[in-house]
J.: 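Before anything else, here's the structure in question.
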Amino acid sequence: MQPNQYRDVRLEKLEKLKALGLEVWPRKAQRTHGIAQLAETYTDAETWTNETLEGLGLTVSVMGRVLAIREMGKSVFAHLTENGEKLQAFFRMNDLAEPGWEVLKLLDMGDFVSVTGPLMRTKTGELSVRVKEVQFLSKALLPLPEKWHGLQDKEQRYRQRYLDLISNGEVLKTFRTRSRIVSTVRRFMEDQGYLEVETPMMQPIPGGATARPFTTHHNALDMDLYLRVAPELYLKRLIVGGFEKVFEINRNFRNEGLSVRHNPEFTMMEMYEAGSDLRDMMTLTENLLSTVAREVMGSEQLPWGEQVISYAAPFRRLSMKDAIAEYGCIDRQLLEDEAHIRALAKAVHVEQVDKKTDGMLLGDLFDHHVEKQLIQPTFITDYPIELSPLTKTLEGDDRFVDRFELFIGGMELANAYSELNDPIDQMGRFQAQMDEREAGNDEAMQLDQDFITSLEHGLPPTGGEGIGIDRLVMVLTNSASIRDVILFPLMRPMKPTESEEKD
RNA sequence: GGGCCCAUAGCUCAGUCGGUAGAGCAGCGGCCUUUUAAGCCGUUGGUCGCGCGUUCGAGUCGCGCUGGGCCCA
């Protein structure tokens with residue numbers, strides 16, 4: 001076998017181009033218009049007939065990657081693409097300046113070229129450049145995936161995302177949509193008076209969420225640092241410091257398994273507002289999601305698999321116990337009784353039931369019976385205190401806290417609290433977490449003494465929330481896997497083959 | 001952590017009952033000066049993921065490994 005059969009052929013063509021005295025890797029592209037710009041301006045075939053286009057007397061230079069070549073004897077059609085838009089180039093031997101025809105024979109799919117000539121419309125009505133000059137911008141030495149089916153192999157699509165983006169048009173579209181979602185979210189928050197801030201991604205004590213952190217080491221200070229699992233404790237310090245409304249959009253890192261909903265690094269927006277509470281966060285969330293759906297996706301009703309999700313406010317609100325009763329078809333009264341909760345947990349094979357409190361078991365019952373069924377946006381409220389060490393208790397019931405999680409498409413999308421601002425209470429909650437840790441739960445939170453100190457200086461009543469941006473993009477773009485909305489998802493490295501090891 | 005599925009040419013995929021490897025696209029050589037997955041003629045290209053085993057004989061059967069996908073905990 002000749003593994004570089006294709007590459008060798010293209011290397012030969014490269015030498016021939018050089019022999020013609022051409023610069024194959026010029027420093028800048030010759031270009032007067034973008035392809036998208038031309039395609040948009042001259043899209044109307046009735047106004048811009050071949051005659052009117054010729055009447056313009058306009059000569060354009062456009063650059064693009066060659067994605068199709070159709071040879072017709074002494075004329076050739078090619079499609080150039082740039083930024084997801086395409087434009088046809090029409091080469092005729094008689095039209096081309098020297099050494100154009102020779103150059104054209106050395107053109108391969110995947111090459112970047114710029115073409116210069118007047119705009120025209122072909123017999124079949126397609127806007128095209130009647131090429132007088134062609135210039136190489138970059139010679140592709142490797143072949144592209146198959147033009148009709150694109151790149152199908154999921155592993156290769158994730159490992160070589162550039163090939164996925166070139167050959168699968170909807171992938172480029174999804175990631176452009178992601179960019180617009182993030183920018184719309186950011187603009188929405190700024191319009192609400194929130195200030196974007198940046199807090200440490202490397203933290204001496206990982207806090208703000210119950211999750212295993214990644215560890216790293218700073219050499220000069222000879223200290224261990226943790227990649228953050230959440231920015232929460234730093235953002236609250238900023239509210240202590242006098243900021244009224246802050247938000248941060250950035251990466252969190254959790255040292256956990258991979259799934260269609262989990263990537264070890266993921267993007268979260270967290271926001272905190274002095275003086276507000278959970279109800280304010282609900283309203284903000286409803287407005288944010290319906291606005292993004294409308295402005296980016298063009299509708300508040302969007303497809304999710306076989307279903308349609310409505311992002312129209314208000315979203316449904318349901319307490320955790322009510323949700324378990326409703327979706328688990330369980331008598332609501334049973335959830336008021338610890339013995340029954342234990343029995344229900346054992347019935348669905350929750351592990352280590354005897355070591356858990358009834359609040360923890362309610363969380364397990366919720367995960368088992370409810371989470372996947374919450375397709376339409378639903379705020380689940382009234383979480384057990386054991387699961388929520390940073391949240392204020394409910395008025396009149398200190399076993400539950402003023403927290404919601406928002407579920408869409410069967411996934412947790414957001415998590416919000418009326419933030420706990422009593423430093424004495426907070427210290428007690430940390431103590432409980434440390435006991436948990438002592439008992440072997442390495443996801444339990446660690447004490448952050450300076451955070452307690454900041455609370456002792458006074459945190460006003462504060463509403464706070466985190467929204468998972470990757471999952472938001474998933475539900476809005478109808479993507480079944482988080483890997484389809486993260487450009488470079490984490491992949492296990494490929495083990496080199498024996499022959500590669502010898503090299 | 002457990003279960004199921006996938007891995008064959010650069011890409012997309014066939015490969016029956018175990019009998020010595022196929023197509024389309026791409027590539028290469030021709031024909032063709034308005035094509036749209038252009039068409040037509042010819043043609044190159046394979047460590048069937050890796051290893052071990054069963055067998056006269058393995059892409060195919062078994063075991064293990066690697067990578068990926070899906071489901072469950």
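Chain identifiers are assigned alphabetically (A, B, ...) following the order of the sequence lines, protein sequences preceding nucleic acid strands; residue numbering begins at 1 within each chain.
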J.: So, Trp148(A) and A37(B): ring centres less than 5.5 Å apart, planes less than 30° off, yes or no?
T.: yes
J.: Heavy atoms from C-beta onward define the side chain here; which of G27(B), U12(B), C32(B) lies closest to that of Glu146(A)?
T.: U12(B)
J.: Remember a base hit wins even if backbone is also touched, and classify Arg492(A) as base, sugar-phosphate or nothing at under 4.0 Å, heavy atoms.
T.: sugar-phosphate
J.: Describe the nucleic acid contact of Asp95(A) in one word from base, sugar-phosphate, nothing, applying a heavy-atom distance below 4.0 Å.
T.: nothing
J.: Mind checking if Arg159(A) touches a base, just sugar-phosphate, or nothing, with heavy atoms under 4.0 Å?
T.: sugar-phosphate
J.: Given salt bridge (charged side-chain N to carboxylate O under 4.0 Å, His left out), test Glu336(A) with Lys321(A) step by step and report yes or no.
T.: CA-CA 9 Å; Glu336(A) 298 302 334; Lys321(A) 281 185 185 172; 3.1 Å; yes
J.: Do the side-chain N and O atoms of Thr391(A) and Arg403(A) include a donor-acceptor pair separated by under 3.5 angstrom?
T.: no
J.: Would Phe315(A) and Phe404(A) count as a ring-ring contact (aromatic ring centres under 6.0 Å, His included) if you check the C-alpha gap in whole Å, the side-chain angles of each, and the deciding distance to 0.1 Å?
T.: CA-CA 12 Å; Phe315(A) 300 161; Phe404(A) 75 70; 9.6 Å; no
J.: Taking the C1' atom of each, how far is A9(B) from U47(B), in whole Å?
T.: 13 Å
J.: Just how far, in rounded Å, is P of C32(B) from CZ of Arg92(A)?
T.: 16 Å
J.: On a whole-Å scale, what distance lies between the P atoms belonging to C48(B) and U43(B)?
T.: 25 Å
J.: Please tell me which of the listed nucleotides, U35(B), G68(B), C11(B), lies nearest to the side chain of Lys154(A)?
T.: G68(B)
J.: Taking N and O atoms by type only, does the side chain of Gln88(A) place a donor or acceptor under 3.5 Å from a partner on the base of U35(B)?
T.: yes
J.: Once you round it to whole Å, what is the distance between P of U44(B) and OH of Tyr6(A)?
T.: 13 Å
J.: In whole angstrom, give me the gap between the C1' atoms of G29(B) and A21(B).
T.: 25 Å
J.: Looking at the side chain of Glu155(A), which of U35(B), G67(B), U44(B) is the nearest nucleotide?
T.: G67(B)
J.: Classify Arg483(A) by what it touches in the nucleic acid, base, sugar-phosphate, or nothing, heavy-atom distance under 4.0 Å.
T.: sugar-phosphate
J.: Applying the Watson-Crick and G-U wobble criteria at under 3.5 Å, what pairs with C48(B)? Answer none if nothing qualifies.
T.: none
J.: Can you check the distance between C52(B) and G39(B), where both ends of the measurement are the P atom (answer in whole Å)?
T.: 44 Å
J.: Table please: side-chain donor-acceptor pairs of residues 55-63 of chain A below 3.5 Å, with sequence neighbours left out.
T.:
from, atom 1, to, atom 2, distance (Å)
Ser61(A), OG, Thr116(A), OG1, 2.7

J.: With respect to the side chain of Lys147(A), which nucleotide from A38(B), U12(B), G27(B) is positioned closest?
T.: A38(B)
J.: Considering only the C1' atoms, how many Å lie between G24(B) and A38(B), rounded to the nearest integer?
T.: 15 Å
J.: Out of A73(B), U33(B), U44(B), which has the shortest distance to the side chain of His368(A)?
T.: A73(B)
J.: Hey, does Gln156(A) reach any base, or is it just sugar-phosphate, or nothing, if we go heavy atoms under 4.0 Å?
T.: sugar-phosphate
J.: Using a heavy-atom cut-off of under 4.0 Å over every strand shown, decide if His79(A) touches base, sugar-phosphate, or nothing.
T.: base
J.: Mind checking if Val76(A) touches a base, just sugar-phosphate, or nothing, with heavy atoms under 4.0 Å?
T.: nothing
J.: Quick one: label Phe91(A) by what it contacts on the DNA or RNA (base, sugar-phosphate, nothing), any heavy atom closer than 4.0 Å.
T.: nothing
J.: Hey, does Arg471(A) have a side-chain heavy atom less than 4.5 Å from the side chain of Glu412(A)?
T.: yes
J.: Among Leu476(A), Val296(A), Leu487(A), Ile469(A), find the one that has a side-chain contact (heavy atoms from CB on, under 4.5 Å) with Arg178(A).
T.: Ile469(A)
J.: Answer with base, sugar-phosphate or nothing: what part of the nucleic acid does Lys86(A) contact at a heavy-atom distance below 4.0 Å?
T.: nothing
J.: On a whole-Å scale, what distance lies between the P atoms belonging to C17(B) and C61(B)?
T.: 10 Å
